[in-house]
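The block underneath contains the structure these notes are about, expressed in structure tokens.
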Amino acid sequence: MEQGSLLAKISEASCNIRSVLEMAGSLQVTLKPEPSVEERELANAAADQYEQNLTVNEDLKQMLESNKDSAKLDAMKRIVGMIAKGKNASELFPAVVKNVASKNIEIKKLVYVYLMRYAEEQQDLALLSISTFQRALKDPNQLIRASALRVLSSIRVPIIVPIMMLAIKEASADLSPYVRKNAAHAIQKLYSLDPEQKEMLIEVIEKLLKDKSTLVAGSVVMAFEEVCPDRIDLIHKNYRKLCNLLVDVEEWGQVVIIHMLTRYARTQFVSPWKEDPASFSAQDISALGMNQDCVIKDGVLEEDNEKDFYESDEEQKEKDQKVKKPYAMDPDHRLLIRNTKPLLQSRNAAVVMAVAQLYWHLAPKSEAGIVSKSLVRLLRSNREVQYIVLQNIATMSIQRKGMFEPYLKSFYVRSTDPTMIKTSKLEILTNLANEANISTLLREFQTYVKSQDKQFAAATIQAIGRCATNISEVTDTCLNGLVCLLSNRDEIVVAESVVVIKKLLQTQPAHHGEIIKHMAKLLDTITVPVARASILWLIGEYCERVPKIAPDVLRKMAKSFTNEDDLVKLQILNLGAKLYLTNSKQTKLLTQYILNLGKYDQSYDIRDRTRFIRQLIVPNEKSGALSKYAKKIFLAQKPAPLLESPFKDRDRFQLGTLSHTLNTKAIGYLELSNWPEVAPDPSVRNVEVIELGKEWSVALGKAKKEKPTEKFYSDSEEEESASTTDTESESTSESEKEKNGKEEGSSMENSESSSEELSDSESESKEGSAKKKFKTTEESDSDDTEKKTKMISKKRESSGSSDSESSSTEESSSDSESESDSESDAESRKHKNAIASKVSSPIFVPMKTHELLHRMSGKGLAAHYHFSRQPCIYGNQMVSVQVTLTNTTDQKLENIHVGERKLPAGMKMHVFNPIEFLEPEESITVSMGIDFCDSTQTASFQLCTKEDHFNVNIQPPVGELLLPVTMSEKDFKTEQGMLTGMNETSTTITVAPQNSTRLVLLEKVVKAANLGVVPSGQDNIHRFSAKTVHSGSLMLVTVELKEGSTAQLIINTEKTVIGSILLRELKPVLSQG
Amino acid sequence: MRKSKDRLRNESPNQNPRGVTDPGASGPDQSLPRPFAGAGGGCSAEGGAAKARGASGTWCEPDRPGRIKLLQNRVLLGRQSVSSTCTPLGSTMIHSLFLINSSGDIFLEKHWKSVVSRSVCDYFFEAQERATEAENVPPVIPTPHHYLLNVYRHKIFFVAVIQTEVPPLFVIEFLHRVVDTFQDYFGVCSEVVIKDNVVVVYEVLEEMLDNGFPLATESNILKELIKPPTILRTVVNTITGSTNVGDQLPTGQLSVVPWRRTGVKYTNNEAYFDVIEEIDAIIDKSGSTITAEIQGVIDACVKLTGMPDLTLSFMNPRLLDDVSFHPCVRFKRWESERILSFIPPDGNFRLLSYHVSAQNLVAIPVYVKHNISFRDSSSLGRFEITVGPKQTMGKTVEGVMVTSQMPKGVLNMSLTPSQGMHTFDPVTKLLSWDVGKINPQKLPSLKGTMSLQAGTSKPDENPTINLQFKIQQLAISGLKVNRLDMYGEKYKPFKGIKYMTKAGKFQVRT
């Protein structure tokens, strides 16, 4: 029994299922009439079925809010699926953004994907995620830092521009080249979000251009091309480095760099094409090449070095040549050409093409030939690659046939090629045709004419026509061949032949009769309008040579006039007019009949033409003087049409560009400039070795005691080594951090919080960089350039020149002093140094602008300045000042620059680059660096425009002469203990009651002076620390709140003058409300 | 028929100031399929316009003007949307990517910057329609505000949207690299597979491109960042809760050998090299060679522990006329010694490809005797081909396959092969004959008659015959590997080398 009921239940259930299925089926049927993308997907995945309706979005929300990572991940995966399909998932934003801090890296990644897609639409909510990224930017894992930067810069929310700017600046000094690479990418993103940041970004670009990591090179050049392609001056110093690195850069970077260098070279070198290329013998080239070799091997182009070299006999030879020829290639020009050559062997078609275009635009004509082989190799690639390459070859082959002649057969067409490939190949074959190969080519063309692809067949006929005009030997053969084609069965072929024959006959006025007769007969069969029109035109043009046939043709045409195409009608009118003028006896009536038909034609074009012709040829009293000349007008000698390649004018575009492919100027196309008449100063590319020597000497001085540290980042450091040689080495924070963390992390007190702080700060540890530098010298470096530099710098070091004190030497010497003090306790020394030089990023305060020049006194030019509170990029001892220039006139202000400077002794100033012009109502922000020598003396200088100059001055508030430093409370106290007595100034002040809360107080103090906040254990004591910009002396500020509303303000510093001024300035800040 | 209506609706999201796809507006647009690639141009345009008029009631004439107006309208709308979504300087290399299948559905979209409306693809569809065949779609299509660069592979169009001047090959090469990566990840690259693995696809695309500029395209690196899906890993992940995403920067990325990951370990250390040569040739009617060249590649499968440094030398390196290398090959060494010296990537990769050009004499391993004739008077044509070996260096020719595109006038063919199978498709007029091995004693042949359309005259051209074949253990150029040595590691690897010659684009004109 029981079994029976069970069975019944089962059958019932199955019934239910069936009915459900049926319903589902009918549901599908009802939907069928308009099957859609969605629907097919619906059928595929049942889960997707509900995605559209809100309840399941609810479901997703719940999953996202659950505690289980797996549920979250699932939800995120489904959401990404939605995004991929282009569905709207924006309403999930709040739920998704919460997971941005997820521990699970995959969830995190997917949230990033989501954020990048939707942040722009939900800007307010997106801001919630920013702090997560800011935190991640300090993560010890470079991958996390890099990806945080990527996402932060990819969410296009204008409010965070300052944060992005800061992040980019920091990342551009990161130890990891991978992070720096990402910083370079972020530059472009920020620039497209806010072009106002251009100047600042250019600074970062300038810095990154100096980077010697191959990883960074491509990306930063890309950023350069996007942001400031006109600032070619930034390239000078990096030119040789880029040339030398090129082979090792990743392939995409290579393409960008090669294109940029092509443009660069066209502005900096003189044309190598002036001489007859043939007379430029191979010997010359090799001599030049060798010369170049030697110079480059030396790594640096030093004057004395070169002199040595030039005394060799090689030089003698070259001098002789110089007498003979005024042109000798700039060694840098040669360097570029030589270093790009190996890249022709790249597997990446884009790289090969880039090198090919470089050779085309830069190399002496005799050398450009080597690229053809590689380009021909690319023809084996995918059809898209073939298409682009063929187009470029087509342009090249017009100008220099010789380059591709040996590869003629590689351009033979296969029946399986796509039409566009076929026509491009045909184009090249036609360009390459000459007396020697034309017979083979024509045989090949015969095959093509028979092709089943009629469009291609027609193109072949045109090609034959072009060959016939270009090579006079074969004109007759071609014409005969084409006439044969007139009997072809395919209309398109015949029509094309007619058109081409027409053109050929015009150039060959000898043969006409027979061919024209033949073509007249064709009028009965051909229906293609162009062909009919061509035949009629021919008959009209040469009607005197076929006097019997022409009137008859006109008769036939008169009959069919109304049914013809407009194009044909116009030619009938022409024919009528011409016959009327030459043979009016027979054709007068016919012509008038046609003119009458034309008068009432639907097309106004034809009506106009009819009216015009009637007035011109039919004499009446009104017709003016013109009708006398009617015959001359109609039957004038017409110049033969030129059969030209459609690629004729493409060479106005740089090869390998999109504009070239489209044959129109694409948005953002950068014109390739013409060679300069006289080469600009080549010495701008010389890299200064003096700085190098300094840095190395530091390295060597410090090096002795270093134990080889664990090779945690050995690879990256190897690359880093390069960058330190000629960049200012403030870019070292991360390594130091890592090392400190590794070596003494455990020994540090309150290690948790202090390490946090350390990573917050942007370190500038000179010692750290020195260590590293030394290590890299130790590391065997295969690059011989590097070795040479090293040797030179060693020499420099021994000579011990120290005219201009660079900060690094100073810093390091102070370091070494401290080193000797406490050498026994290496641990604590390191610790201390690390603290003393950790410059933290400034606390954000509202910007305070000062007036530099009022618009009234500046005749319309207004200038304001503010202190950016960032470490200055022009020099470690400088304070960076942002100057905003505004043009309030209604005219362009031109050439704004800094003129005469009146600076107190010791002060230095790095001025902004002259501004070419400033449009009315526009303003521009430029940055300057001023070294105030830790004094509040005024920097006076002249701000000049084209016409005027105005005396202005900048006096820094004492608070701006500082850079914030982070340290722990304990360190603060130790430092303070060492700065007592004369170094301490203090005063008692009355604090306004509203200022006594911690937050307000901090804000007030930090606003007044660029101080860093030291975490404090006591509620009533607040500590701040900073260092002076010029000398790096510590500046410690303590505010101790007492009973009542009094407070003790203490300042400890070596720079007592500044200390007391600061004290005086802080007093009112705290006492006033 | 649906096309224009489709387009009309498609524009609606554009009017949204941010160019954001509004669910309400985009719903109906997706409810209609894309026009089929080969849809007749004129007819569909007229019908479309008529339908559009029916829908909105304002369109003027039921023929071309309607279409023109439609287009103008779209251009206008396009401009609006662009001016509002994109900052004027928002230039980037690759802005967006759309994947479109052969029936015209956009089945995946990815944006690296602001969202570009799908309607931009309409220009692509238009070009596709004009081209009639997929491979005739121009790779570069300009639109008023964007440029569409596409590649067609595995029956999928990969359409990249760019906004400013960029070397077109850069984008095209990158798109091909994307396809290669997908293939590498999923084994095959098809619509179904991409849809199934959409999350991985998205993650990979995210890593490959940053702000439109390639970031990581080396598959060895990508695989460390995002692990390819395998059944085993999926199971493990669900149990252990670990993920497919790597949290360490791939070691290779920063090293001097960015293509190789570190810490590779194998129990069996093996290195296999395949020398594969393809002959491209055009043979004329009389059997003489018009042009012939050899394209060779050396594909490697290297599974070696640690950081092996390999050198590969040839008996006759001078044969290699024009070479392109994997980035791992030390170019200087090749220039000076003609030895390939490299630290290989892990797994499969193409070590080099080379070209033996038309100037050198190329041995043609097979010949085709053919007798194809149409007569003007009769509706029957004769068809006879025989394939035989020529210069095969004593090796057997295998995998022979003959295909030929017959003229349109051919209605049917009745043929008898001496061996193998043959088919003729009366619709596409494609004849294919799977021959198999060639036995030199008994040459394979295919004989019979063609029936032609009555009344029409004979075709101008005889069909071209395309040939495929394979010859094992032979490099037709004569290239021979001399030896392979390994330095830098202690163990003895197992080494293997294989030669093969194939037909590339091998055509016989008749």
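All values below come from the heavy atoms of this structure, side chains included, with hydrogens, waters and symmetry mates left out.
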- Is it true that atom NZ of B:K110 has more than 12 heavy atoms of other residues, nucleotides or ligands lying nearer than 6.0 Å? yes

- When rounded to the nearest 0.5 angstrom, what is the spacing between CD in A:Q345 and CH2 in B:W334? 9.0 Å

- Toward chain B, the part of A:V385 with a non-hydrogen atom under 4.5 Å: both

- Message: Ignoring hydrogens, what is the shortest heavy-atom contact between A:K109 and B:E207? Give both atom names and the distance.
- Response: NZ-OE2, 2.9 Å

- Task: Measure distances from B:Y147 to the heavy atoms of chain A and classify the residue's part below 4.5 Å as side chain, backbone, both or neither.
- Result: side chain

- With a 4.5 angstrom heavy-atom cut-off, could you sort out which part of A:H660 is near chain B: side chain, backbone, both or neither? neither

- Message: Determine whether A:E384 and B:L175 satisfy the following criterion, side-chain contact (heavy atoms from CB on, under 4.5 Å), listing intermediate values before the conclusion.
- Response: CA-CA 10 Å; A:E384 296 86 5; B:L175 291 177; over 6 Å; no

- Message: Would you compute the distance between atom CG of B:L215 and atom CZ of A:R150 and round it to the nearest 0.5 angstrom?
- Response: 5.0 Å

- Could you tell me whether the side chain of B:H176 reaches within less than 4.5 Å of the side chain of A:S381, counting heavy atoms only? no

- Please flag which part of B:Y202 lies under 4.5 Å from any non-hydrogen atom of chain A: side chain, backbone, both or neither. side chain

- In Å and rounded to the nearest 0.5 Å, what is the CD1 to NZ distance from B:I106 to A:K85? 14.5 Å

- Task: Select one option (side chain, backbone, both, neither) describing which atoms of A:T440 are under 4.5 Å from chain B's heavy atoms.
- Result: neither

- Heavy-atom contact with chain B under 4.5 Å, split by part of A:Q386: side chain

- Okay, B:N150 and chain A: the region with an atom under 4.5 Å from a heavy atom over there is both

- Note on the structure: Distance col, row B:E135:CD vs A:R383:CZ, nearest 0.5 angstrom, shows 7.0 Å

- Item | Region of A:N348 in contact with chain B, defined by heavy-atom distances below 4.5 Å | both

- Task: Decide, yes or no, whether a salt bridge links B:R177 with A:E251 under the criterion of side-chain N to carboxylate O below 4.0 Å.
- Result: yes

- Top of A:T416, A:L655, A:D69 for chain B proximity - count of heavy-atom pairs under 4.5 angstrom: A:T416

- Message: Just by distance, no angles: are the side chains of B:Q507 and A:S415 close enough, under 3.5 Å, to form a donor-acceptor pair?
- Response: yes

- A:Y669: partners by side-chain hydrogen bond (donor to acceptor under 3.5 Å, both in side chains), with sequence neighbours left out: none

- Item | Carboxylate-amine/guanidinium contact B:E293 A:K373, below 4.0 Å | no

- Contact part of A:V179 toward chain B, heavy-atom cut-off under 4.5 Å: side chain, backbone, both or neither? neither

- Query: Checking heavy atoms, do the side chain of B:Q405, its backbone, both or neither come under 4.5 Å from chain A?
  - Reply: both

- chain B shares the most heavy-atom pairs under 4.5 Å, among A:K189, A:M353, A:K108, with A:K189

- Measure across B:S324 and A:S346 and return the closest heavy-atom pair with its distance rounded to 0.1 Å. CB-O, 3.5 Å

- Query: Of the non-hydrogen atoms in A:A349 and B:L169, which two are nearest, and what is the gap between them?
  - Reply: O-CD1, 3.7 Å

- Could you look at B:F331 and say if it's the side chain, the backbone, both or neither that has a heavy atom under 4.5 Å from chain A? side chain

- Hey, what do you get for NZ (A:K181) to CG (B:D210), rounding to the nearest 0.5 Å? 9.0 Å

- Note on the structure: Of all heavy-atom pairs linking B:E165 and A:L658, the shortest is OE2-N, 2.7 Å

- Nearest-0.5 Å distance, CD of residue B:E206 to OG of residue A:S154: 7.5 Å

- Task: Report the residues that fulfil side-chain hydrogen bond (donor to acceptor under 3.5 Å, both in side chains) with B:Q295, sequence neighbours left out, ordered by chain and then residue number.
- Result: B:H355

- Query: For B:E278, is it the side chain, the backbone, both or neither that has a heavy atom under 4.5 Å from a heavy atom of chain A?
  - Reply: side chain

- Message: Check this for me, if you would: do A:E444 and B:R509 make a salt bridge, where the nitrogen-to-carboxylate-oxygen distance has to be below 4.0 angstrom?
- Response: yes

- Message: Using a 3.5 Å distance criterion without hydrogens, assess whether the side chain of A:K409 forms a donor-acceptor pair with backbone atoms of B:A292.
- Response: no

